[in-house]
2 protein chains.
Amino acid sequence: MGKQMTEMLKGTLEGIVLALLGLGPAYGYEITARLRDQGFADIAEGTVYALLVRIEQRGLVDVEKVPSEKGPPRKVFTLNAQGREALDEFWSSWGFLADRLAHLKAEGE
Amino acid sequence: MGKQMTEMLKGTLEGIVLALLGLGPAYGYEITARLRDQGFADIAEGTVYALLVRIEQRGLVDVEKVPSEKGPPRKVFTLNAQGREALDEFWSSWGFLADRLAHLKAEGE
DNA sequence: CTCACTACTCAGTGTTACTATCTAGTGGTA
DNA sequence: TACCACTAGATAGTAACACTGAGTAGTGAG
């Protein structure tokens with residue numbers, strides 16, 4: 001992936017994962033796969049797991065261990081009230097940034 | 001500024017500054033002021049100058065020292081061909097990200 | 001002659017995504 | 001058996017970036 005995208009994902013990737021969890025509970029491997037489907041083809045698994053550890057430690061998600069038929073047990077993450085609040089804040093910040101950049105782009109054309 | 005916005009600006013702030021320079025040459029203090037006008041009220045001066053040093057070292061801008069009537073000489077930055085290319089790449093990356101997030105936001109509503 | 005404004009610089013810090021590697025369970029196949 | 005592919009998660013070390021907080025320096029107003 002481009003270095004540019006790597007830097008741009010900082011802060012944003014967390015919001016993306018929170019948004020995915022906002023659609024329903026999910027586990028790490030699944031989230032990684034969904035990100036790939038969404039076009040984020042080069043996001044490393046390790047990156048996602050590290051991010052999930054962070055949002056768990058900040059209390060934004062509830063965690064449940066669920067056995068899997070195909071491999072080790074899954075850690076299923078569910079967005080809780082605090083997580084929803086964080087997601088709202090993310091959309092608010094993102095909205096501001098996207099709005100500013102849309103203006104800038106329009107000015108440059 | 002929120003920690004969230006701080007992280008989200010990583011990578012994006014550089015694009016914003018390149019976009020501002022795309023509108024015409026400018027010097028550091030001026031760029032800082034424009035950012036404040038644009039709503040980025042809490043971006044530290046030191047942050048902008050450090051960023052300008054980086055894009056200068058990467059050869060994205062041409063630099064000229066111009067005397068000022070009001071204070072020390074100004075370092076005026078002008079976007080060159082390489083800089084324009086970097087700006088295009090930025091808009092491309094940003095476009096991808098903004099598109100993905102728009103989809104995600106629509107799904108969550 | 002102090003203050004405010006202009007203009008730039010720099011060392012140190014925290015956060016984040018990436019790389020690379022490791023552990024482990026299940027099922028297929030040579 | 002031995003090996004591989006897929007599933008599932010963890011972690012140490014690194015690079016990049018924005019922030020904090022401080023500093024240097026020139027000009028003009030009070």
Side-chain angles (χ1 to χ4, degrees), chain A residues 1-18 25-36 40-58 60-61 63-77 86 90 93 97, chain B residues 1-18 25-36 40-58 60-61 63-77 86 90 93 97:
Chain A
M1 191 157 30
K3 204 180 59 180
Q4 201 161 48
M5 184 59 83
T6 291
E7 289 307 320
M8 248 189 278
L9 279 176
K10 290 188 179 174
T12 310
L13 183 57
E14 179 179 305
I16 293 171
V17 169
L18 289 177
Y27 55 96
Y29 192 79
E30 186 187 6
I31 291 170
T32 304
R34 281 204 215 160
L35 285 171
R36 293 197 202 288
F40 299 102
D42 300 314
I43 291 180
E45 277 190 80
T47 298
V48 176
Y49 287 114
L51 195 160
L52 289 169
V53 166
R54 283 203 300 275
I55 66 176
E56 180 185 352
Q57 281 174 349
R58 277 196 278 147
L60 308 183
V61 286
V63 184
E64 198 188 351
K65 275 240 163 161
V66 176
S68 164
E69 321 88 43
K70 297 198 149 199
R74 298 165 173 166
K75 272 181 81 173
V76 174
F77 297 86
F90 167 73
S93 298
L97 202 55
Chain B
M1 192 155 32
K3 203 180 60 182
Q4 201 161 48
M5 183 59 82
T6 292
E7 290 307 320
M8 248 189 279
L9 279 176
K10 289 188 180 175
T12 309
L13 184 57
E14 180 180 304
I16 293 171
V17 169
L18 288 177
Y27 53 96
Y29 192 80
E30 186 187 4
I31 291 170
T32 305
R34 280 205 214 158
L35 286 171
R36 293 198 202 287
F40 299 101
D42 300 314
I43 291 181
E45 275 191 84
T47 298
V48 176
Y49 286 114
L51 194 161
L52 289 170
V53 167
R54 282 202 302 274
I55 66 175
E56 180 185 353
Q57 281 174 349
R58 276 195 279 147
L60 308 183
V61 286
V63 184
E64 199 190 350
K65 275 239 163 160
V66 176
S68 163
E69 319 89 43
K70 297 199 148 199
R74 297 165 174 166
K75 273 181 81 174
V76 175
F77 297 86
F90 167 73
S93 298
L97 202 55

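These numbers come from the heavy atoms of this one structure, side chains and all, not from hydrogens, waters or symmetry mates. Labels below follow one simple rule: chain letters A, B, ... track the order of the sequence lines, proteins then strands, and each chain is numbered from 1.
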Looking only at D:dA10, D:dT7, C:dT19, the nucleotide nearest the A:A44 side chain is C:dT19

*asked:* Does B:L13 reach a base, just sugar-phosphate, or nothing at all? Heavy atoms under 4.0 Å.
replied: sugar-phosphate

To the nearest angstrom, the NZ-C1' distance between B:K3 and C:dG14 comes to 9 Å

A:D42 atom CG is separated from C:dC18 atom P, nearest whole Å, by 9 Å

So, OP1 or OP2 of D:dG9: does either fall under 4.0 Å of a side-chain N or O from A:K65? no

Measuring to OP1 and OP2 of D:dG9, would you say a side-chain N or O of A:Y49 lies under 4.0 angstrom away? yes

Atom CZ of B:R74 and atom P of C:dA7 are separated, to the nearest Å, by 4 Å

**Q.** B:K10 (side chain) and C:dT15 (base): donor-acceptor pair under 3.5 Å
**A.** yes

Separation of C:dG14 atom P from B:Q4 atom CD, nearest Å, is 21 Å

note: A:E7, atom CD; C:dT15, atom P; distance rounded to Å ~ 16 Å

Taken to the nearest whole Å, CD/A:E69 to C1'/D:dC6 is 13 Å

Practice item. Output yes when at least one side-chain N/O atom of B:R54 is less than 4.0 Å from OP1 or OP2 of D:dA18, else no. Key: yes

One should read off an interatomic distance between A:L9 CG and A:Q4 CD, to the nearest 0.5 angstrom, of 11.0 Å

message: At 4.0 Å (heavy atoms only), tell me whether A:G11 reaches a base, stays on the sugar-phosphate, or touches nothing.
response: sugar-phosphate

When rounded to the nearest 0.5 Å, the distance separating CD of A:E14 from CZ of A:F90 is 9.0 Å

*Using a cut-off of strictly less than 4.0 Å, decide whether A:S68 has a side-chain nitrogen or oxygen near OP1 or OP2 of D:dA8.*
yes

B:Y29 OH to C:dT9 C1', in whole Å, measures 15 Å

Of C:dT6, D:dA18, C:dA17, the nucleotide closest to the side chain of B:L51 is D:dA18

Rounded to the nearest 0.5 angstrom, the CE-CE distance for B:M8 and B:M5 is 5.5 Å

**Message:** Using OP1 and OP2 only, check whether a side-chain N or O of A:T47 sits under 4.0 Å from C:dC18.
**Reply:** yes

Ranking A:A50 and A:P73 by the position along DNA chain D of their nearest nucleotide, the one closer to 5' is A:P73

note: A:E45, atom CD; D:dG9, atom P; distance rounded to Å ~ 9 Å

**Asked** Can you check whether A:Y27 has a side-chain N or O nearer than 4.0 Å to OP1 or OP2 of D:dA8?
**Response** yes

Here the gap from B:Y49 atom OH to B:T32 atom OG1, rounded to the nearest 0.5 Å, amounts to 5.0 Å

On DNA chain C, more 5' by nearest nucleotide between A:T12 and A:P72 is A:T12

Handout entry: N-O pairing of B:R74 and B:E30 below 4.0 Å
Key = no

Across all chains, not counting sequence neighbours, the salt bridge (charged side-chain N to carboxylate O under 4.0 Å, His left out) partners of A:R36 are none

